[in-house]
K.L.:
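The structure is given below, and queries will be raised subsequently.
Not measured: the values here are computed from a predicted model. Numbered from 1 within each chain, the chains take letters A, B, ... in sequence-line order.
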There are 2 protein chains.
Amino acid sequence: MNSTMEKLKERIKDKKYKLTTQRQTILQAFIDAEENHLSAEDVYGLVKQVAPEIGLATIYRTLDLFTELDLLKRLDFGDGRNRYELNDEEFAHFHHHLICVKCNEVSEFEDDMLETLESIIAKKLNFHTIDHQLKVYGYCSKCQEKMKAAGEPIGPTHHA
Amino acid sequence: MNSTMEKLKERIKDKKYKLTTQRQTILQAFIDAEENHLSAEDVYGLVKQVAPEIGLATIYRTLDLFTELDLLKRLDFGDGRNRYELNDEEFAHFHHHLICVKCNEVSEFEDDMLETLESIIAKKLNFHTIDHQLKVYGYCSKCQEKMKAAGEPIGPTHHA
DNA sequence: ATGTTTGCAAAATTTTTGCATGCAC
DNA sequence: GTGCATGCAAAAATTTTGCAAACAT
């Protein structure tokens, strides 16, 4: 049983959108994809293998729709295009990104300590949080090793 | 004494770039600006008032340069264009953004509890953090009031 | 049947690049 | 003087839109 696809059907029905093959195919691409940070062009490439007649505009419109339906989450890693990942609700809220400033690899980590931060924000600033996104920039372990081997100092920490 | 402009001069000299009037004018625009999340087009508009002959390409090249020099920080609020803010070192690391999903207002808040998170990341994942960016999405107090007045329920919290 | 969704092509928007001229060093 | 930086215009890249045809309900 594939709960993500069920969610699509449910939410499509709820909001009176239509369950088209394109929409199912696009969601399936995300489910099957190796990589989980896909750009519109990436999705286009994947979906074209299964449904070659699809148009790029449909990809864009569908990514927008899925984001609205909270099936996908829109990401930006500063590479000049939007990227999307499956929004696995229970999970996603504690799921953040580590971006290596050297090799640009994006990895993920889980943490729930930001919950505490959110309640502070709610109290102090009267802001009702529904989601957050944390990007941490730095050097991944591979790059740290490479730099150590090359005798390069590890860059400024900006920690004052 | 304006330390930001001093920093520009120092870093430009360090890296053997040239201190041009355009570069100074662009930085001054950030120092003087009311709004502190400026897009290339915003900067272009501001600088043109002082130096009408400037080209938009210069703005782009300069924003890139300043980001490289750590004078500016590149931001993305999902509105389809890059935005930049002064990178006030001692300060910036604890400085995050609250984005209202209703009115798109971006406000700021300070917090240093992410320091702790960084040391956890360093230990657990062997990732050497140099910076982080936190975006918190939700409803600002104004929108909460409006919604309350209108009898609308405040949207899903996604907090499981 | 009807109104939504699609694919295509064209447009819009943001950003980048090539090149001759100008300016900081 | 030399070479980096600028302004302009053109190009590139990403995303959006208009429209007739196709499809889900």
K.L.:
With a 6.0 Å cut-off on ring centres, are B/Tyr137 and A/His132 close enough?
P.N.:
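Judged by ring-centre distance (under 6.0 Å), B/Tyr137 and A/His132 do not meet the cut-off.
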K.L.:
How many whole angstroms separate atom CG of A/Asp14 from atom C1' of D/dT25?
P.N.:
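In whole Å, D/dT25 C1' lies 16 Å from A/Asp14 CG.
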K.L.:
Check whether any side-chain nitrogen or oxygen of A/Arg23 sits under 4.0 Å from OP1 or OP2 of C/dT4, and answer yes or no.
P.N.:
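No, outside the criterion.
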K.L.:
Round to a whole Å and report the spacing from CD of A/Gln24 to P of D/dA24.
P.N.:
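In whole Å, D/dA24 P and A/Gln24 CD are 9 Å from each other.
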K.L.:
With a 4.0 Å limit, can you tell me whether A/Gln22 has a side-chain N or O closer than that to the phosphate oxygens OP1/OP2 of D/dC23?
P.N.:
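No, A/Gln22 has no side-chain N/O under 4.0 Å of OP1/OP2 on D/dC23.
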K.L.:
Using a 4.0 Å heavy-atom cut-off across all strands, classify B/Glu53 as base, sugar-phosphate, or nothing.
P.N.:
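B/Glu53: backbone/sugar contact only, no base atoms under 4.0 Å.
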K.L.:
Ignoring backbone atoms, establish whether B/Asn82 has a side-chain N or O less than 4.0 Å from OP1 or OP2 of C/dT14.
P.N.:
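For C/dT14, OP1/OP2 do not have a side-chain N/O of B/Asn82 under 4.0 Å.
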K.L.:
Is A/Arg83 close to A/Glu85 at the side-chain level, that is, under 4.5 Å between some pair of heavy atoms?
P.N.:
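A/Glu85 vs A/Arg83: side chains apart.
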K.L.:
Hey, is the side chain of B/Tyr60 poking within less than 4.0 Å of OP1 or OP2 on C/dT16, counting only N and O atoms?
P.N.:
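So the side-chain polar atoms of B/Tyr60 never come under 4.0 Å of the phosphate oxygens OP1 or OP2 of C/dT16.
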K.L.:
Expressed in angstrom and rounded to an integer, what is the separation of B/Leu56 atom CG from C/dT16 atom C1'?
P.N.:
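Atom CG in B/Leu56 sits about 11 Å away from atom C1' in C/dT16.
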K.L.:
Remember a base hit wins even if backbone is also touched, and classify B/Arg61 as base, sugar-phosphate or nothing at under 4.0 Å, heavy atoms.
P.N.:
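Answer is base: heavy atoms of B/Arg61 come under 4.0 Å of a base.
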K.L.:
Taking 4.0 Å as the cut-off, does a side-chain nitrogen or oxygen of B/Thr20 come that near to OP1 or OP2 on C/dC23?
P.N.:
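For C/dC23, neither OP1 nor OP2 has a side-chain N or O of B/Thr20 closer than 4.0 Å.
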K.L.:
Of all the nucleotides listed (D/dA9, D/dG3, D/dT25), which has the minimum atom distance to the side chain of B/Ala57?
P.N.:
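When the side chain of B/Ala57 is considered, D/dA9 is the closest of D/dA9, D/dG3, D/dT25.
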K.L.:
What is the distance from CG of A/Asp79 to P of D/dA13, rounded to the nearest Å?
P.N.:
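Checked: the CG to P distance equals 14 Å.
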K.L.:
Calculate the interatomic distance between A/Asp64 atom CG and D/dT14 atom P; express it in whole Å.
P.N.:
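Rounded to whole Å, this separation is 16 Å.
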K.L.:
Could you check how far CG of B/Asp76 sits from P of C/dT13, rounded to whole Å?
P.N.:
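One finds 18 Å between P of C/dT13 and CG of B/Asp76, rounded.
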K.L.:
Just how far, in rounded Å, is C1' of D/dA5 from CG of B/Leu8?
P.N.:
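Taking atom C1' of D/dA5 as the reference, CG of B/Leu8 is at 14 Å.
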K.L.:
Output the rounded distance in Å from NZ (A/Lys18) to P (D/dA24).
P.N.:
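It works out to 9 Å between those atoms.
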K.L.:
Which sits closer to the 5' end of DNA chain C, B/Tyr17 or A/Thr58, going by the nucleotide each is nearest to?
P.N.:
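Whichever sits nearer the 5' end wins; that is A/Thr58.
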K.L.:
B/Ser119 and B/Thr116: which non-hydrogen atoms are nearest, and at how many Å?
P.N.:
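Smallest interatomic distance, heavy atoms only, reads OG-O, 2.8 Å.
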K.L.:
Between B/Ala51 and A/Glu41, which has a closest nucleotide on DNA chain D that is more 5'?
P.N.:
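The answer here is B/Ala51.
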K.L.:
How are the rings of B/Phe109 and B/His96 set relative to one another: parallel (under 30°), tilted (30 to 60°) or perpendicular (over 60°)?
P.N.:
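Rings of B/Phe109 and B/His96: tilted, 30 to 60°.
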K.L.:
Check for me, please, whether A/Leu19 and A/Leu69 land in the same ILVMFWY cluster - side-chain distances under 4.5 Å, paths through other members count.
P.N.:
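Yes, because A/Leu19 and A/Leu69 connect within a single hydrophobic cluster, where side-chain heavy atoms sit under 4.5 Å apart.
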